[in-house]
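Some notes on the structure that comes next.
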Amino acid sequence: MAESPDNLVLTYLRRIDEKVDRLVEDMREVKSPLGILESQYANLSNRLDRLDERVGRLENRLGLTEAT
């Protein structure tokens, strides 16, 4: 015998709920490594900025830059 419309809707809602729960867990698994990558990128970016400043000072001292 066919399910009543209410039971059918509840069945689909439960399936959707299970899928959403799996998506939430997947997102947690993605967010943690992503946070680590963001932190490493920020650290690397800061280091490159400092290196650029140092190279700029060296170029100035050696007269390798054009006057602006």
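Here the structure is a predicted model, which means the values were calculated and not measured.
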Task: Min side-chain heavy-atom separation L23-K19 under 4.5 Å - done: no
- [ ] Drop me the distance from E53's CD to L48's CG, to the nearest 0.5 angstrom.
- [x] 11.5 Å
- [ ] Would you check if R28 and V24 make a side-chain contact, meaning some heavy-atom pair closer than 4.5 Å?
- [x] yes
Task: From L44 atom CG to L37 atom CG, the distance as rounded to the nearest 0.5 Å - done: 11.5 Å
Open item on the list: Would you compute the distance between atom CG of D21 and atom CD1 of I16 and round it to the nearest 0.5 angstrom?
Closed with: 12.0 Å
Task: Distance, nearest 0.5 Å, that separates CG of D6 from OG1 of T11 - done: 10.5 Å
Open item on the list: What's the separation between atom CZ in R14 and atom CG in N7, rounded to the nearest 0.5 Å?
Closed with: 8.0 Å
